[in-house]
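Just so you know, residue 1 is the first one in the sequence shown, and it goes up from there.
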Amino acid sequence: ATIRVKESIVPRENRRAIYEYLFREGVLVVQKNYSMTPHRQLKVPNFHVRLVMKSLQSRAYVTEIFNWHHHYYTLTNAGIEMLRQQMYLPPSVFPATLTKKTVARPQYRE
């Protein structure tokens, strides 16, 4: 019996780059241009980014909003947990959308 390995259209390095960016930022924008031109932030073909995000959306790891020829994807809690397992990250690491930034406010004196 021969074992068949399912090949993916998206190379492993590209998928890894997409996962890392998505986890770091928490959001990802993909233009509706499905050609092999590079994505603006990732330097990965835009078509590969769209395929990976479509796959994540079908498994409810991201939510999608489409507006003016752009797909806007946001990580869900299940997506955060899945990416932590895929990238072997500790539970103390969060995407940028979930971390609060402290803003230094000026002190007013009376």
Side-chain angles (χ1 to χ4, degrees):
T2 58
I3 299 173
R4 297 186 62 158
V5 177
K6 183 180 176 185
E7 292 186 29
S8 175
I9 294 173
V10 181
R12 184 177 296 160
E13 306 85 41
N14 291 356
R15 184 178 302 273
R16 179 80 178 178
I18 295 165
Y19 284 171
E20 287 173 359
Y21 182 84
L22 181 62
F23 191 83
R24 184 174 57 248
E25 298 297 325
V27 294
L28 183 65
V29 179
V30 181
Q31 192 175 6
K32 192 183 171 184
N33 177 9
Y34 300 139
S35 66
M36 294 304 268
T37 59
H39 188 270
R40 288 184 179 181
Q41 286 85 16
L42 294 171
K43 308 302 184 246
V44 171
N46 199 50
F47 181 66
H48 291 175
V49 178
R50 175 68 179 121
L51 287 178
V52 169
M53 297 311 294
K54 188 175 170 185
S55 173
L56 292 176
Q57 181 195 8
S58 72
R59 293 180 278 163
Y61 292 142
V62 294
T63 56
E64 177 194 27
I65 297 173
F66 181 75
N67 190 12
W68 284 88
H69 295 283
H70 288 81
H71 300 271
Y72 297 88
Y73 295 99
T74 307
L75 267 175
T76 62
N77 290 336
I80 292 170
E81 291 303 317
M82 185 277 299
L83 288 177
R84 275 193 189 129
Q85 291 174 357
Q86 288 282 326
M87 300 189 311
Y88 305 106
L89 296 172
S92 60
V93 179
F94 291 98
T97 53
L98 295 180
T99 57
K100 291 186 179 182
K101 295 181 181 178
T102 57
V103 177
R105 297 186 183 197
Q107 298 290 327
Y108 291 107
R109 294 185 215 175
E110 293 183 21

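Residues Ile65 and Val62 do not share a hydrophobic cluster, clusters being chains of Ile/Leu/Val/Met/Phe/Trp/Tyr side chains in contact below 4.5 Å. Taken together through direct or relayed side-chain contacts under 4.5 Å among Ile, Leu, Val, Met, Phe, Trp and Tyr, Ile9 and Ile18 form part of one hydrophobic cluster.
The CZ atom of Arg50 sits 11.0 Å away from atom OG of Ser55, with the distance rounded to the nearest 0.5 Å. Once rounded to the nearest 0.5 Å, the distance linking NE2 of His39 with CG of Asn33 reads 10.5 Å.
Every residue two or more places apart in sequence or in another chain was checked for a side chain to side chain contact (heavy atoms under 4.5 Å, CB included) with Pro38, and none qualifies. In this structure, the side chain to side chain contact (heavy atoms under 4.5 Å, CB included) partners of Thr63, at least two apart in sequence or on a different chain, are Thr74, Thr76. Not counting sequence neighbours, Ala60 has no partner by the side chain to side chain contact (heavy atoms under 4.5 Å, CB included) test.
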Could you go through residues 23-31 and list every donor-acceptor pair under 3.5 Å that involves a side-chain atom there, pairing it with any protein atom two or more places apart or in another chain?
none

Distance-only donor-acceptor hits, side chain of residues 82-91, under 3.5 Å, sequence neighbours excluded:
from, atom 1, to, atom 2, distance (Å)
Arg84, NE, Val93, O, 3.2
Arg84, NH1, Glu81, OE2, 2.7
Arg84, NH2, Pro91, O, 3.4
Arg84, NH2, Val93, O, 2.7

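Listed by first and then second residue, the side-chain hydrogen bond (donor to acceptor under 3.5 Å, both in side chains) pairs that reach into residues 9-18 are Ser8-Arg15, Asn14-His48, Arg16-Glu20, sequence neighbours excluded.
For CG of Asn77, the number of neighbouring non-hydrogen atoms (other residues, nucleotides, ligands) closer than 6.0 Å is 12 at most.
With a 4.5 Å cut-off between side-chain heavy atoms of Ile, Leu, Val, Met, Phe, Trp and Tyr, the cluster of Phe66 takes in none.
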Residue pair Val44, Val52: steps toward the side-chain contact (heavy atoms from CB on, under 4.5 Å) verdict: CA-CA 11 Å; Val44 171; Val52 169; over 6 Å; no
Evaluation steps, side-chain contact (heavy atoms from CB on, under 4.5 Å), between Leu56 and Tyr19: CA-CA 10 Å; Leu56 292 176; Tyr19 284 171; 4.0 Å; yes
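Between Pro95 and Leu75, the shortest heavy-atom distance links the atoms CG-CD1, 4.1 Å.
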